[in-house]
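We count ligands from 1, going down the list as the structure has it; atoms in each ligand are counted the same way. Worth knowing before you read on, the calculation uses all heavy atoms, side chains too, and leaves out hydrogens, waters and symmetry mates.
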Amino acid sequence: MSNRFQQLMQVGQSLWYDNIQRSLIKNGTLKRMIEEGEIRGITSNPTIFNLAISKSQDYDSAIAPMAWAGWSAEQIFYQLAVEDIQSAADLFLPLYEKSDRADGYVSLEVSPYLARDAQATVREALELWKRVDRPNLMIKIPATREGLEAIREAIAQGINVNVTLIFSLERYREVIEAYLSGLEKRVNAGLPVDRIASVASFFVSRVDTKVDALLEKLIAEGNLTEEEACSLMGKTAIANAKLAYQIFKETFNSSRFKRLAEKGARVQRPLWASTSTKNPRYRDVLYVEELIGPLTVNTVPPQTLDAFRDHGNVSLTLEEGVEEAKSHLAHLEHLGISMSLVTAQLEEEGVKAFADSFSTLLQTLTQRKEEFNSSLGPLARAVSQRVKVFEETQFIERFHRHDPFLWSSIPEEQEEIRKRMGWLEAPQTSRALVSAIEQFAQEVVEAGFTHAVLLGMGGSSLAPEVLRQVFGVGKIGEHPALDLLILDSTDPAQVLAVESWSPVERTLYIVSSKSGTTIEITAFMEYFWKKAVDRFGSKAGSHFIAITDPGTKLEKIAKERNFRKVFLADPTVGGRNSALTAFGLVPAGLLGINLEEFLSRAEQISRECRPQIPAGRNPGLVLGAILGESALAGRDKVTLLTDALWQPLGAWLEQLIAESSGKRGKGIVPVDLEPLYPADVYGADRLFVYLRSTGEKDDFVNQLVQGDHPVVVITTNDPMDLAGEFYRWEVATAVACSVIGVNSFDQPDVQDNKDRSVKKIQNFHETGVLEQEKPVWEKHGVQVFSTSPIDGLSLKEVVMRFLQNATQGDYIAINAYLPRTPEMQTVLGKLRTWIQQLTGLPTTLGFGPRFLHSTGQLHKGGANNGLFLQITADSQTDVEIPGMNLTFGQLERAQALGDYESLVARGRRVIRIHLGKTPHEILDF
Ligand SMILES: O=P(O)(O)OC[C@H]1O[C@](O)(CO)[C@@H](O)[C@@H]1O
Ligand SMILES: O=C[C@H](O)[C@H](O)COP(=O)(O)O
């Protein structure tokens, strides 16, 4: 603590901060200021909140759900204010306790509209007291005539009161009287008074502003010399305050107060408010330096605090010049400046100014709310209705109780659901993993590892991939962290590409499988295990780790093979909800991400999703309402728009949304990385979600909104917010599934695909061929497979014929069993645009077998509104999978064929284009 702050405290004055702003709370500034001893309390008022909310974007993410839920501007304001006040109060709690409840208070003002209504003020004061629910809260009540009654009653009811807008000495006496009689009322009723705190905010600078102006007027009228006026200017406010302090001393030294003090009552400290210097000709710390004395508080705005920190002087000034103060005021009266008139006007103007600020704030909020609301366009009504229903039916309480009826009434499914809700608490429970992961990360970098290859599919691999792309490679202690590549393809070219990326002696292989039996992952493991054994012999295990559920086959293998480490995952969390468990956190730790901070971001949002929070303020719940209502309204294509930072998140969202929702003939179709088209091209089956950081797509979004397309904008720009997004979307997806009526936590149709592939492989082992139908079209080495005849002079024509089957509401999925290289993505991206131009329909692009663990479930289990263009090719090189009597190329083909058959079996519209050895550029129509 700097000397100045220490000295101030030693002479008995507490400095409070006349400022509140969400960013100060979130970014740790407030905590630091408290810990460094700069400030010992906080005051807010409607003007401060207006500034905080209207002039920043700090509150937008909180405003959004409330706006979508249809809340009024006033409801939104109180929610925001209460949140800030609660968070600030929590930060001050240690000081409150350490100072034996002398300091550490945070003030929240009642609505300025109620300043003339005693009863309504008390009602609101009690309501806010209850709602904020913090012992170190002070409710600010203006000291109007009507306010005095409210102050007395509020004190009598046992709440802490900061009496605000005191200007005159007469009113100050009345304020003290209200305080004392409020306490006496309690004592007479046999109630305790020792926990009641109160301050009387005596306004300072505004008095000078007003009196100085009157002095100027006297000069202008020729009734006062400039010299005399100058000797009077800038002195009235301090004189007034000094006399107020004398009243304080007198009253609280009285026997009346002593009787109360014996019962534990505390003095009502004078608080110097309005202490920023308004006249730039005056010293910027004038109203601090001149009012220093014991048992007082001075609340200062940021610029005054900065000035005091820089050059404030501390000496006991408050009791100096009391006589001069009296004669100063007498002099003014003599000049015809009536202090009672001045202070009455100030009170009137003060009430009006706060009411005006409040009105401006409500107008701003109304405007923001309308912007958010209009962005939902045709969905706005249904969404707000849905949130109301959530509130009425205690949806989120049931959600947190893991009530399976929210998703299914089938007993077996319910049993499974009950076991799959652990992710809700992951931001808290996963903290237990942090030190082990950090230690392990340190160990591997010290052992010389520089690369990690994660072998996983779907939920076990997509979160790590997003983490790598969003965060890049950080540091672990002094060492660079590991660079990370995901292998989630059985395409031989991709397996080889991963192999050549990773220097085998310095690569850690992470076998990541919840079930421990996923065929692709087993194949990858065997492939790299053999390489490691060939190279390191019995030490091969030290290059491998596993992340898996307890008791899986993988755990057993890992132990047998002496893996460097096995991280056991939480079995109550399903694969696609596992980002914040070991499946995401181990790779995150190896990338050098600060896990404590990462989890605390998730925790922040998880707190907003708790049952104690009103439904309309719950960001996950409201987003879920939007996704669900949108799907019910036929807008089942959730089209993801992203700024560069969040682009990688799309793939993770795709698997979460598609695999969770796409079943029983229903589902939400995520459309990721689709090229942008003019707004009028999109159909009425779209909901857009814009994951915004820099606002690159703001113009495009405006066009969409103007075109009446619903758009949800989520703005975050710190990579650490990824943790919160994982959580928000997990909640939202589960909620949306409940709205559309599907079980979010199973993937019934994935198994069918797997079974068919396994059967194909068995058959292959018996016959030596992978069984497939006859092509219905063939030219220049390219074959097309379909259940119905199809013809055309060229491949392009065949595809066009196939696409003629599409109608409004359909989507076209390109499912490519090809290596996921940038070149391939470009060619298939062009194909996507071509299809879109031809059909006007949404398109998706997935690489097999990766998408089988993502959108694959939706393709088969969702609504029958997909047309599937499966593409396969003969790989140029192939590689053996050790111990499986199979190559990766054969496995990939078996999976493609299984996928195709599974689609056909479900009556889906599908063709397979087999390119054979023909270069994929042929698809560039
Ligand atoms: O982690 P595992 O059990 O290997 O499963 C990988 C993926 O396969 C699925 O079970 C089915 O696609 C996903 O839900 C999961 O994320
Ligand atoms: O409690 C604090 C007061 O609301 C604040 O100090 C008023 O200051 P101002 O006169 O600078 O608006």
Side-chain angles (χ1 to χ4, degrees), residues 16-20 41-51 105 107-109 112 138 140 142 162-167 199-210 237 271-278 287 297-304 346 349-350 353-354 357 420 454-463 488 511-522 524-525 546-549 552-554 569 571 573-579 581-583 652 655-656 658-660 662 745-754 849-858 860-861:
W16 288 7
Y17 200 32
D18 202 17
N19 183 32
I20 201 156
I42 274 212
T43 49
S44 68
N45 64 36
T47 308
I48 289 172
F49 268 117
N50 180 36
L51 264 177
Y105 291 94
S107 296
L108 173 62
E109 195 154 336
M138 276 193 174
K140 273 176 105 174
N162 174 345
V163 182
T164 186
L165 284 177
I166 311 173
F167 296 94
V199 289
S201 292
F202 201 88
F203 275 48
V204 186
S205 72
R206 295 188 195 184
V207 172
D208 272 347
T209 309
K210 184 125 227 129
L271 176 149
W272 310 129
S274 185
T275 51
S276 64
T277 308
K278 308 296 187 298
Y287 304 112
V297 180
N298 195 326
T299 190
V300 289
Q303 68 277 23
T304 312
L346 282 169
E349 287 165 11
F354 281 159
S357 291
R420 283 280 176 256
L454 187 141
L455 314 173
M457 300 302 297
S460 308
S461 61
L462 288 165
D488 60 358
V511 189
S512 183
S513 171
K514 189 175 170 55
S515 61
T517 50
T518 299
I519 186 164
E520 296 93 327
I521 305 174
T522 308
F524 304 148
M525 175 173 72
I547 309 170
T548 188
D549 273 6
T552 62
K553 192 169 158 200
L554 173 57
V573 181
R576 56 188 171 270
N577 287 64
S578 66
T581 70
F583 285 103
W652 180 84
Q655 62 98 34
L656 179 73
E659 207 174 69
S660 303
F745 304 103
D746 64 358
Q747 49 285 328
D749 301 273
V750 174
Q751 196 53 42
D752 176 68
N753 195 152
K754 284 186 187 168
R850 169 181 157 111
F851 77 82
L852 293 179
H853 299 272
S854 168
T855 46
Q857 165 61 40
L858 170 93
K860 290 125 198 164

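- Put simply, the side chain of Thr275 gets close to the backbone of Thr299: a donor and an acceptor are under 3.5 Å apart.
- Among protein heavy atoms, atom 5 (O) of ligand 1 sits closest to Thr518 OG1, 3.5 Å.
- Here the side chain of Ser205 pairs no donor or acceptor atom with the backbone of Lys278 at under 3.5 angstrom.
- In this structure, the side chain of Glu109 does not engage the main chain of Lys140 through any donor-acceptor pair within 3.5 Å.
- Between the side chain of Thr518 and the backbone N or O of Glu520, no donor-acceptor pair lies under 3.5 Å.
- The protein non-hydrogen atom at the shortest distance from atom 6 (C) of ligand 1 is Met457 O, 3.2 Å.
- Nearest protein heavy-atom contact of atom 16 (O) of ligand 1 is Gly459 N, 2.7 Å.
- A donor-acceptor pair is defined here as one N or O able to donate and one able to accept, closer than 3.5 Å; no such pair exists between the side chain of Glu659 and the backbone of Gln857.
- Near Gly458, with a cut-off below 4.0 Å to any heavy atom, the atoms of ligand 1 are 16 (O).
- On a distance-only criterion, Ser460 and ligand 1 share at least one N/O pair closer than 3.5 Å.
- Closest to atom 12 (O) of ligand 1, if we only count protein heavy atoms, is Glu659 OE2, 2.6 Å.
- With a 4.0 Å cut-off on non-hydrogen atoms, Ile521 touches ligand 1 through its side chain and not its backbone.
- Counting only distance, with no hydrogens or angles, the side chain of Asp208 and the backbone of Ala237 share a donor-acceptor pair below 3.5 Å.
- Checked by atom type and distance alone, the side chain of Ser854 never pairs as donor or acceptor with a backbone atom of Phe851 at under 3.5 Å.
- Residues Thr47 and Ser357 have side chains that bring a donor and an acceptor to within less than 3.5 angstrom of each other.
- For Glu349 and Arg206, the salt-bridge test fails: no basic side-chain N is under 4.0 Å from an acidic carboxylate O.
- Ring geometry for Trp272 against Phe202 counts as perpendicular: the plane angle is over 60°, on a 0 to 90° scale with 30° as the lower cut.
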Anything under 3.5 Å between an N or O on ligand 2 and a protein N or O? List each pair with its distance, or write none.
residue	atom	partner	partner atom	Å
ligand 2	1 (O)	Lys140	NZ	2.7
ligand 2	4 (O)	Asn45	ND2	2.7
ligand 2	4 (O)	Lys140	NZ	3.3
ligand 2	6 (O)	Asp18	OD2	2.6
ligand 2	6 (O)	Ser274	N	2.7
ligand 2	10 (O)	Arg206	NE	2.6
ligand 2	10 (O)	Arg206	NH2	3.3
ligand 2	10 (O)	Ser274	OG	2.6
ligand 2	11 (O)	Lys278	NZ	2.8
ligand 2	12 (O)	Arg206	NH2	2.9

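- The nearest non-hydrogen atom to atom 8 (O) of ligand 1, considering only His853, Arg576, Gln751, Lys514, comes from His853.
- Annotation: Ser515 places an N or O atom under 3.5 Å from an N or O atom of ligand 1; distance criterion only.
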